[in-house]
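Heads up: the structure comes next, in C-alpha cells.
We name chains A, B, ... by the order of the sequence lines, and we start the count at 1 in each one. Only this structure's heavy atoms are used, side chains among them; waters, hydrogens and symmetry mates stay out.
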2 protein chains.
Amino acid sequence: MIVDPSADDRLDRAFMALADPVRRRIIARLSRGPATVNELAEPFQITLQAVSKHIQVLEQAGLVTRSRDAQRRPVHLDAAQLEALTAWIDRYRLIHEQQFRNLDALLATTRGAEAATSDADPEAGTAQEATES
Amino acid sequence: MIVDPSADDRLDRAFMALADPVRRRIIARLSRGPATVNELAEPFQITLQAVSKHIQVLEQAGLVTRSRDAQRRPVHLDAAQLEALTAWIDRYRLIHEQQFRNLDALLATTRGAEAATSDADPEAGTAQEATES
DNA sequence: TCCTTATTCAACTCAATGCTTGATCAACCG
DNA sequence: CGGTTGATCAAGCATTGAGTTGAATAAGGA
C-alpha cells in the first residue's frame, strides 16, 4: 500500500509508534523474545483487535517483524530500527553538547585572562550542516 | 494545565513530538543554538501560528525551554529529555541483544560438541524484569 | 467434516492533530 | 503617544488515531 517509504516517513512512523504506552509495553515485552498476538494482548484491557492494530502500527514502523507458525503469527522485535531512532536523537544531542562546550570555552576566553585554547576552540569544527528532517 | 506529568505521559509527549518532520527540523535547528519563533518558522511554508503550536508541543514534551528577551521568546533545546528517550530505547534494545546472544550460545551448545560456555551462558543474567511502559 | 483457536477485516464512534484566518497582547522605537 | 514587531489566543475545518462490535478467514484437532 505504501509507495514512498522515505527516511522522513520511516522516522515519522517509528516515533509515532513509540508515542503510545501500549505499544511501548509491547516493545518491552518483545525485547525478552517473540510472542503471539494473544500473548501480547493478555496484559491489556482492550480487545484483541485493538492489539492487532497496534502490532500493525509497529510493523509498518519497521520496529517488529512477523513470522508464521500454523495459525499463529509470532511477532519479533527488530532492533535495527530502534537503533535508527537513537542514531537520530544522538546526532542532534551531540551537536548540541558540542555547542555547549564551545560556548563554555568562549566564555572562558572572554572572562578569563589570556585567550588560551585550553580545550575546545569556539571557532573550530562547528558541526557542519544539519539540514535533515 | 497538566496535573499528571507521569513518566508514561512524558514519554508519550516526547515521542509524539518527534513524530513530525517539522518538529524534528526544529530540533535539528536548535541543536546549533537557540532561536526565536520567527527564525524557526522561516524555512517552512506554514503560518507562524502553526510553528508556534509546534513549539508548544515540543515545550510540553520537555524537549525545549523558553526564555525572555524583550518581545522575543528564544527557544532552547533541552538535551536531558533527548537523553531520556535514548535511555528508554536503549534499555530494550540492549535486553533484546542480550537475548540474542543467549540464544546463539544455546544453539551452540545444542548443536555443537560439548556444552562449553565459550562466551555467554544461556542461563546466566537473564536481564531481570522489564515491566515498565 | 465440524468445531475450536488465532488473527484479521470492515464499519463506525469519539477525541485529538495540524492547519488556517482573524483578533489580541506585549514590548520596543520614533 | 502611535506604529511596528514578535508572538499568542480563539474558533473552525479536515484528517487521523484509538477504540469498539460484528463478521470473515485460516489452520489444527476430534
Are B:R32 and A:I95 side-chain neighbours, meaning at least one heavy-atom pair lies under 4.5 Å? yes
Does the side chain of A:D9 reach to within under 4.5 Å of the side chain of A:R13, using non-hydrogen atoms? yes
Phosphate OP1/OP2 of [N] contacted by [X] side-chain N/O (<4.0 Å):
{"X": "A:S52", "N": "C:dT8", "result": "yes"}
{"X": "A:H54", "N": "D:dG19", "result": "yes"}
{"X": "A:R73", "N": "D:dA27", "result": "no"}
{"X": "A:R66", "N": "C:dT8", "result": "yes"}
{"X": "B:N38", "N": "D:dT5", "result": "no"}

Calculate the interatomic distance between [X] atom [atom1] and [N] atom [atom2]; express it in whole Å.
{"X": "B:M16", "N": "C:dG18", "atom1": "CE", "atom2": "P", "result": "6 Å"}
{"X": "A:I55", "N": "D:dG17", "atom1": "CD1", "atom2": "C1'", "result": "17 Å"}
{"X": "A:E42", "N": "C:dT7", "atom1": "CD", "atom2": "C1'", "result": "17 Å"}
{"X": "A:R68", "N": "C:dA6", "atom1": "CZ", "atom2": "P", "result": "14 Å"}
{"X": "A:Q56", "N": "D:dG17", "atom1": "CD", "atom2": "C1'", "result": "14 Å"}
{"X": "A:L48", "N": "D:dG22", "atom1": "CG", "atom2": "C1'", "result": "14 Å"}
{"X": "B:R72", "N": "C:dC25", "atom1": "CZ", "atom2": "P", "result": "21 Å"}
{"X": "A:Q60", "N": "C:dT8", "atom1": "CD", "atom2": "C1'", "result": "14 Å"}

Does a donor on one side chain and an acceptor on the other come within less than 3.5 Å for A:Q98 and A:N102? yes
What's the closest nucleotide to the side chain of [X] if the choices are [options]?
{"X": "A:A50", "options": "C:dA6, C:dC19, D:dT20", "result": "D:dT20"}
{"X": "A:V37", "options": "C:dC9, C:dT7, D:dC9", "result": "C:dT7"}
{"X": "A:I46", "options": "D:dA7, D:dG17, D:dG19", "result": "D:dG19"}
{"X": "A:T47", "options": "D:dT21, C:dG18, C:dT5", "result": "D:dT21"}

Taking atom types as they are modelled, would you say the side chain of A:K53 forms a donor-acceptor pair with the base of D:dT20 within the 3.5 Å cutoff? yes
Between the base of C:dG22 and the side chain of B:Q49, is there a donor-acceptor distance below 3.5 Å? yes
Using atom types as modelled and distance alone, determine if a side-chain donor or acceptor of A:R23 lies under 3.5 Å from a backbone N or O of A:A17. yes
Whichever of A:D20 and A:Q71 has its nearest DNA chain D nucleotide further upstream toward 5': A:D20
B:R24 with B:D20: basic N within carboxylate O range, under 4.0 Å: no
